[in-house]
Amino acid sequence: MSPRYEPKEIEPRWQQRWAEARVFSPQDDDPRPKKYVLEMFPYPSGSGLHLGHASNYTIADVIARYAWMKGFKVLHPMGWDAFGLPAEQYAIEKRIHPSQAVEENLRNFKGQLTLLGGSYDWTRELSTTDPAYYRWTQWIFLRLLERGLAYQAEVAVNWCPALGTVLANEEVIDGKSERGGHPVVRMPMRQWMLRITAYADRLLEGLDRIDWPENVKQMQREWIGRSVGAEVVFRVEGAGEFKVFTTRPDTLFGATFCVLAPEHPLVARITTDAQRATVSAYVEAAGRKSDRDRMADAKEKTGAFTGAWAVNPATGAKVPVWIADYVLATYGTGAIMAVPGHDARDWAFARAFGLPVVEVISGGDVTKAAHEGEGTLVHSGFLDGLPVEEAKARMTAWLEAKGLGTKAVRYKLRDWLFSRQRFWGEPIPVLHRADGTTVPLPDDALPVTLPEVPRYEPTGTGESPLAGVDAWVNTRDPRDGAPARRETNTMPGSAGSSWYFLRYIDPRNAAAFCDPAKERAWMPVDLYIGGTEHAVGHLLYARFWQKVLFDLGLVSTDEPFRRLFNQGMVVAATYRDAEGRVYPREAVETADGATRVKATGAPVTTTLEKMSKSKKNGVGIDEAVARYSGDAVRLAGLFLGPPDAEKEWTPNAIEGPWRFLLKAWRLLVGDEDGPGVPLTDAPATGALRKAVHRAIDGITKDMEAIAFNTAVSKLMVLLSELQGANPLPRDAAEAFVTLLAPFAPHAAEEMWAALGRAPFVSVAPWPVADPAALVDDTVTLAVQVNGKVRGDVTVAADAKEADVLAAAKGVENVRKHLEGKAIVKEIVVPKRLVNFVVR
RNA sequence: GCCGAAGUGGCGGAAUUGGCAGACGCGCUAGGCUCAGGACCUAGUGACCCUAAUACGGUCUUCCGGGUUCAAAUCCCGGCUUCGGCACCA
C-alpha cells in the first residue's frame, strides 16, 4: 500500500466498512443513553447537492459523530421529502413520471451524501412518496378527521393559473408564486382545511418549554399573532347590528366612525339607496383586486360611505358606517370601530375623507398624528383620568355588564389549507358517495395509492389530474359496496414532513406508524438542524401534528424538537449582466476594479447570494470531492465560519483545510518518500503534553458550543505542535487522530490504522483533558502604563501581587515610562496584565 | 413603516464576555526545491512615523460621533450601513 494520501481509494473503503459493520446503526437494546440528532431531510431536486448543502449536512454529521464518541447511542437517520411541486415540475419538463424522477434524484442525492462520509443509519432510510410510508400519513389524516380537525370549506384560495394549483399563503410572495414567480389570484374553491387554529394557544405555550433560537420563537409568536381585546356591538339604525373586534376598548369614546370590510355580509343590507351605486362599485373593484394590488395600494386609503349610521355604545352618538379594503374580511369580525385619534390607519382614513377626530388619551397632538402611546383618558366619561391599561379593563367590564360586548381573543394564524389540485401528493383517503355524503375510508383500506397514469399535467380547471382517471376515481365504499368517487385532491408537501421524525424510530413497522415503546425510548429529537426558511411553515405544522398525536395518546411528548439549531446558508459570488443573465465564475474576469464577461467584455455586477444551480454560483459536491476529497470538503465547509452564520464560499476556501489534511497525513502515515514520523511509546511531556491537553479542552468546549470553525483551527494549531516532535509520542498522535475523527473521518480512520489501532476511531472514546496539564507554572503578563502596553513580564503562576508589581516595574521600557511620574494606582489582573496609572 | 441580528487587516474570520485586537486560514512577498511551471517546504505580512535596518521605539486602528472606566471590539447614548422577518391583523 502506498503511504500517499489517496482519498479516492480510502474514502469509499471506509464508507463501505462503516456500512458493513453497522457502526452507526443504534440498537434498541443498547443500554447507553440515547441522542436523536436530526437534520431537516432534503427535497431531492434534479440539480443535485452543492457545497452549501455539504456544509449544512457536515454540521449535523459532526454533532452525531461526536455524540457517538461521547458514549451515546445515536439516531442519525436520513430520508427524502419527495412529494410536491418541484418533483412534479421537473418530471413534466423531462417528460418522465414523477416517481421515476424521484428515484433518479434520490439515487443521485444519496450518492452525493455518501461521498461526504455521513454517519447515517441508512437502514432507516425513508421516502415520503413510498406507499408504505404515506399509508401512515393518510392514517394520521383520518385521526385528524375523526377529531374534527380536518374539514372541507369553500374558501378564497391563492389560485395560480400557470402552475394549475392552489398555493398556501407562505408559498405566495408579493402576489407571485414562490416557485417560478407566476401570478396568483384569489378565487373561491372547495378545499380541505386543518384546524390548526384550535391549537393556537398550545402552540404558543409550548414555545416557552423548548430550547430554540429566540428569533424563530418570535417568528412563530408573530405568525400566530394572539391579540387580546374585546368584541363590541354596534347597532345600526333600522338594520340590526354588527360586532367589531378591538384591542383598544379603552378608546371607545373616541370611535367616530365604523368601517366594514367590503365583503362583510351586512354591507348590502345597510347601504342606503342614495349610496348603493357608489358602494356596489367599490365592492366590485375591491373584489377584483388581488392581494398584490391591495398591498401596492396600502399607502392610500380608499373607501365608500354606506349611508348607514351606527350607535357608539359608549357615547350614544351616531357614527357613519363606511366600507374600505383596509379592513380585512378574514380577521376579527371583518369590521372595526375607527378611532382616528389613536390609530394611524384610522387617522389616515379620517384625514382622506374629512371625518372627525377626537382625542381620548392625552399625551399627543391628534391634529397632527394619531397618538398610539400611553397617556391618560380624557373626554371619556367614566374612564377619565385612568391610565390605558386600567381603562381597557374598566371598559370591557362595563360592556359585559351592559351586554354590549365581551372580552375576546383573536389570532392572525389561519387554518391550514391542506389540499392541492395536483397529482404528486398523498391522496386524501376520503370517498364522496353517490348519496352525497363524504366519508373517510377505513384504516384497512390504506394506503390509497396513486394510479399509474399517462398524463399527470395539471388540468388547469382547478381539478387534480386524478379526476380524469376514471378507473381510479370511480370505486365503491368498502363498507357497503355503495358507489363512490374518490377524493381527487392530494395533500400538500408539508404533510409527509410533519411526522417523519417518528417514522425513523421504527421505519418498517407495518402495524403502526411507530411502536410506542420505541417512540418513548427515542423521542423527543434532541437536536434538530435546519435553516430558518422553515421557521413558520414546517416547524409549526410538525408541532401541531405532534400535539394532536399526543392528545390521542399515540406519542409521549407534545413537543417534537427539544433543541433547534439554525445553520446559516452558504452564499457565493453571483455575476449578473445588465440583462440579468448570470455567469459562472469561470466566465468572468476582474481587471482594473471592474468585473466583465470574458467572452464579450460586458460588465457584470457581483452580489453574494445563496448557492443554487439557477444562479450558476454553486459548486457540485461530486466535483469538489473529485478534485480534493470528501474530508477536505467537510473541513472547508466547517472552517468557512460559524455554523449559524451566513458564510461565503470562495474557490480557494478549500485550500487551507486541504493542506492541513496533507500535512497531517504526511506526518502520521507518510508520502512517496517514505513513512511518517517515528513514534515512541514514551508519553508526551512538557510543552507537547500541554498542547495536546489544551487542544482537547478547547475542542471539547467548541463541540458543546457548536463552534466548529474554531475547533478546526485548534486542530491546525495542534498539528503544528506535533510537527515539532521527533520521535512523536504515540499518545499525542492518537489524541490528535481522535479529535480529528468527527471532522475528517476517512483520513482519521486510515491514520488510526497506521498507528496500529483497531477500527473504528469513529466510535472511539472522546479524549478527556487532564486539568493538571492545563495549568502553567509561569505566566506572561502585559504591563501597561496608563492603559498602554509598554512591555511584558513572565512570573510564576502563583506569584504574589507584590512580586508581580516589582517585576513589572523592573521591565526596562516600563521603567522609562514610569520615570519622573507619580504612580497613583496599581492594578493587577492575575494571569492577564498589570496597569500602572501615573501622573 | 415596525421588529430582530450584524458591521473587526487585501479577504474569510478569532478574541476566556470589560483585561496584550487581529488566533487559524486564504492571498501576497522573499528564500528553498525544480530544466521550468505547479505542488511542496521555511520565513515575513494591520496602517503610519522614526531608522542604514525587517533592530530599538513611537502614534493610530474593531462602521461614525459622544460617554462610563485604571482599562471598551465588548457596556451606555445618538447616528449610518447591510442582512433577515412582518407588513393595513384593528
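Since the structure is predicted, the reported quantities are computational estimates derived from the model, not experimental observations. Chain letters run A, B, ... following the sequence lines, proteins first and then strands; every chain starts at 1.
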Practice problem: Go through B:C20, B:G13, B:A90 for me and flag the one nearest to the A:Pro642 side chain. | Solution: B:G13
Quiz prompt | C1' gap between B:A6 and B:U62, integer Å | solution = 14 Å
Quiz prompt | Test: A:Arg221 and A:Asp208 ion pair at under 4.0 Å | solution = yes
Exercise. Considering only atom C1', compute the distance from B:C40 to B:G18 and round it to an integer number of Å.
Key: 44 Å
Exercise. List in chain and number order the residues that pass side-chain contact (heavy atoms from CB on, under 4.5 Å) with A:Glu646, two or more places apart in sequence or in another chain; answer none if no residue qualifies.
Key: A:Met569, A:Val571
Quiz item: What integer number of Å spans the P atoms of B:U61 and B:A21?
Solution: 12 Å
Practice problem: Identify which nucleotide among B:C70, B:C24, B:A15 has an atom closest to any side-chain atom of A:Val837, counting heavy atoms from C-beta outward. | Solution: B:C70
Practice problem: For the side chain of A:Ile336, starting at C-beta, report the closest nucleotide among B:A90, B:C20, B:A23. | Solution: B:A90
Self-check item: Nucleotide opposite B:A6 in a Watson-Crick or G-U pair, distances under 3.5 Å
Solution: B:U81
Exercise. Kindly write out the residues that satisfy side-chain contact (heavy atoms from CB on, under 4.5 Å) with A:Thr251, not counting sequence neighbours, or none if the list is empty.
Key: A:Arg248, A:Met337, A:Val339, A:His342, A:Val360, A:Ile361
Self-check item: Most 5' of A:Glu646 and A:Phe245 on RNA chain B, judged by nearest nucleotide
Solution: A:Glu646
Practice problem: Could you check which of B:A14, B:A90, B:C70 has an atom nearest any side-chain atom of A:Asn709? | Solution: B:A14
Quiz item: When every nucleotide of nucleotides 54-61 of chain B is labelled 5' to 3' by its protein contacts under 4.0 Å (heavy atoms), B for base, S for sugar-phosphate only, - for none, what sequence of letters results?
Solution: ---SSSS-
Quiz item: Rounding to the closest angstrom, what is the interatomic distance between B:G12 and B:C3 at atom P?
Solution: 30 Å
Quiz prompt | Residue A:Arg666, side-chain heavy atoms: nucleotide from B:C20, B:C40, B:C88 that is nearest | solution = B:C40
Quiz item: If you check every side-chain atom of A:Ala782, which of B:A71, B:C20, B:A90 has the closest atom?
Solution: B:C20
Quiz item: Across all strands shown, which nucleotide pairs with B:U16 by Watson-Crick or G-U wobble geometry, both distances under 3.5 Å?
Solution: none
Exercise. List in chain and number order the residues that pass salt bridge (charged side-chain N to carboxylate O under 4.0 Å, His left out) with A:Glu704, two or more places apart in sequence or in another chain; answer none if no residue qualifies.
Key: none
Self-check item: Nearest-neighbour nucleotide for the A:Met219 side chain, B:G25, B:G85, B:A90 considered
Solution: B:G85
Self-check item: Non-neighbouring partners of A:Asp792 that pass salt bridge (charged side-chain N to carboxylate O under 4.0 Å, His left out), sequence neighbours left out
Solution: none
Quiz prompt | Closest to the A:Lys825 side chain, choosing from B:U16, B:G25, B:C70 | solution = B:C70
Practice problem: Would you jot down, in residue-number order, the residues of residues 692-705 of chain A having a non-hydrogen atom under 4.0 Å from RNA chain B? | Solution: none
Quiz item: Which residues within residues 651-658 of chain A lie with some heavy atom under 4.0 Å of an atom in RNA chain B?
Solution: A:Asn652, A:Gly656
Self-check item: Partner set under side-chain contact (heavy atoms from CB on, under 4.5 Å) for A:Glu389, not counting sequence neighbours
Solution: A:Lys392
Exercise. Kindly write out the residues that satisfy side chain to side chain donor-acceptor pair (under 3.5 Å) with A:Glu231, not counting sequence neighbours, or none if the list is empty.
Key: A:Arg410
Practice problem: For A:Thr302, enumerate each residue passing the side chain to side chain donor-acceptor pair (under 3.5 Å) test, keeping only those at least two apart in sequence or located in another chain. | Solution: A:Tyr282
Practice problem: Go through the structure and list residues passing side chain to side chain donor-acceptor pair (under 3.5 Å) with A:Thr333, not counting sequence neighbours. | Solution: none
Practice problem: Classify the side chain of A:Lys714 versus the base of B:C24 as yes if they form a donor-acceptor pair under 3.5 Å and no if they do not. | Solution: no
Quiz item: In chain order, what residues pass the side chain to side chain donor-acceptor pair (under 3.5 Å) check against A:His538, with sequence neighbours excluded?
Solution: A:Tyr528
Quiz item: Taking for each residue the nucleotide of RNA chain B bearing the nearest heavy atom, is the 5' side occupied by A:Arg659 or by A:Arg410?
Solution: A:Arg659
Quiz item: Which nucleotide, in any strand shown, forms a Watson-Crick or G-U wobble pair with B:G44, with both distances under 3.5 Å?
Solution: B:C28
